*Asks:* 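Here you go, one structure.
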Amino acid sequence: MHYLVTGHTGFKGSWLALWLAARGHTVSGISLDPLAGSLFERADVKSQMHEDLRIDIRDDASVVDAITSLAPDVVIHLAAQPLVRESYLDPRTTFTTNVIGTLNVLAAVAATSSVKANLIITTDKVYRNLDQEAGYVESDALGGSDPYSSSKAMADILTQSWVKSFPGAPTAIARGGNVIGGGDVSRDRLLPDLLRSFEAGEVTGIRFPAAVRPWQHVLDCLAGYLDLVEALLEGRGVGQWNIGPGRESFVAVRSVADDAVALWGKGVSWKDTSDPSNPHEANLLALDATKARRELGWENKLRYPESLEWTIDWQRRVLSGERAREVSLSQIERFESLRSYEGESAAVASAPNRKA
Ligand SMILES: NC(=O)c1ccc[n+]([C@@H]2O[C@H](COP(=O)([O-])OP(=O)(O)OC[C@H]3O[C@@H](n4cnc5c(N)ncnc54)[C@H](O)[C@@H]3O)[C@@H](O)[C@H]2O)c1
């Protein structure tokens with residue numbers, strides 16, 4: 001199968017390209033340049049690609065041109081401006097990339113008859129946030145206060161409208177949780193910020209230590225995406241899907257920082273820089289992925305503690321000189337060999353109460 005991944009130079013996209021290539025697929029990508037020190041560079045993901053294209057997804061003609069000439073079987077649209085803080089600093093780029101960029105990908109897919117499955121990636125942040133304890137389900141209202149969340153909610157609504165208005169390639173929307181894993185170098189994300197400061201011997205400041213997030217390992221999230229693609233190829237799966245962890249993995253930022261400090265050792269620490277003048281970010285974000293468990297048979301294999309351990313393990317191994325590609329592929333292989341854990345209720349019973 002020929003997969004086209006937009007955003008293949010980013011964190012999730014690099015893992016996805018490595019995984020698809022390891023499964024023997026042909027993988028092409030459309031993205032901007034990778035960030036310095038990214039997984040894309042460190043694991044030489046380029047060498048695994050059929051076509052590694054640098055195209056701005058806001059440029060509709062170039063996107064149509066690229067997708068029609070690549071003629072992929074599957075499109076997975078990850079490319080986005082994905083950071084909440086950045087979205088306050090540059091709302092225009094955030095909205096144009098996330099909304100118009102998605103429109104351009106949908107239109108290009110409509111013009112490409114080879115596409116048999118089209119997966120659009122949005123986020124848990126698309127839901128109108130009510131700070132509720134219960135996880136959001138797919139039929140809940142969308143919203144989003146900050147520019148990132150609302151731009152992704154717009155992309156989600158746009159995709160739903162497109163699917164109804166212009167029937168074509170089977171299309172699904174995946175709403176994932178807060179993803180962690182080795183090789184993320186984004187700014188203003190908890191784990192990358194912490195790991196950077198641990199390595200530099202600095203103390204990182206945390207803006208919202210009480211915020212609770214559904215933490216998920218990147219491989220669990222990508223496994224959900226791949227299950228969805230499989231379903232689309234089999235004539236199922238059209239619609240919206242939450243691909244998030246169970247409640248045992250809803251953990252306060254403060255606890256994640258404490259656990260990362262404990263796992264890293266060597267006297268590292270973090271400091272609370274919460275300030276009422278910080279731009280608003282949601283306090284509690286919870287996803288209910290029952291639909292994906294029931295209808296796709298997808299289930300997280302790693303709970304929060306293992307997800308954090310795998311992330312720190314990746315960083316330590318690469319720091320100690322192991323090659324990033326080999327470490328990533330060894331984690332992919334180990335992940336594929338795991339069976340799902342015994343479901344949410346068993347996990348809740350054994351997990352410490354870590355909620356804020
Ligand atoms: N990482 C998370 O915790 C998380 C959670 C939920 C949803 N998501 C979604 O998953 C997707 C991937 O996130 P990520 O963490 O890998 O982000 P990332 O920042 O690591 O990667 C973003 C990718 O998008 C590309 N891109 C950005 N603007 C572009 C443009 N104008 N034209 C072409 N390419 C462009 C970048 O080059 C990069 O390849 C995004 O859609 C994001 O909203 C991420």
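Start at 1 and go down the list; that is how both ligands and their atoms are numbered. On a predicted model such as this, the values are computed, not experimentally measured, just so you know.
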*Asks:* Please identify which atoms of ligand 1 are closer than 4.0 Å to at least one heavy atom of Ser31.
*Replies:* 33 (C), 34 (N), 37 (O), 39 (O)
*Asks:* Applying a heavy-atom cut-off of 4.0 Å, say which part of Asp184 lies close to ligand 1: side chain, backbone, both or neither.
*Replies:* neither
*Asks:* Within the structure, does Lys12 bring an N/O atom to less than 3.5 angstrom of an N/O atom in ligand 1?
*Replies:*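 Indeed, backbone or side chain, Lys12 has an N or O that close.
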*Asks:* Which atom pairs, donor and acceptor, lie under 3.5 Å between side-chain atoms of residues 103-110 and protein residues at least two apart or in another chain?
*Replies:*
residue: Asn104; atom: ND2; partner: Ile57; partner atom: O; Å: 2.8
residue: Asn104; atom: ND2; partner: Arg58; partner atom: O; Å: 3.3
residue: Asn104; atom: ND2; partner: Ile100; partner atom: O; Å: 3.4

*Asks:* Flag Gly7 as yes when one of its N or O atoms lies below 3.5 Å from any N or O atom of ligand 1, and as no otherwise.
*Replies:* yes
*Asks:* One thing to verify: whether Asp193 and Arg196 come together as a salt bridge, which I'm taking to mean a side-chain N less than 4.0 angstrom from a carboxylate O.
*Replies:*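 Salt bridge between Arg196 and Asp193, a charged N being under 4.0 Å from a carboxylate O: yes.
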*Asks:* Let me know which of Glu322, Glu309, Gln331 forms a side-chain contact (heavy atoms from CB on, under 4.5 Å) with Trp314.
*Replies:* Gln331
*Asks:* When only distance counts, is Leu32 in polar contact with ligand 1, meaning an N/O pair under 3.5 Å?
*Replies:*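 Yes, at least one N or O pair falls under 3.5 Å.
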*Asks:* If only atom types and distance count, is the side chain of Thr26 paired as donor or acceptor with the main-chain N or O of His2 below 3.5 Å?
*Replies:* no
*Asks:* Does ligand 1 have any atom sitting under 4.0 Å from a heavy atom of Arg189?
*Replies:*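 Yes; Arg189 lies near enough to ligand 1 that a heavy-atom distance drops under 4.0 Å.
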*Asks:* Taking ring-ring contact (aromatic ring centres under 6.0 Å, His included) as the definition, give me every residue that meets it alongside Trp19, ordered by chain and number, with sequence neighbours left out.
*Replies:* Phe335
*Asks:* Answer side chain, backbone, both or neither: which part of Thr97 comes under 4.0 Å from ligand 1, heavy atoms only.
*Replies:* side chain
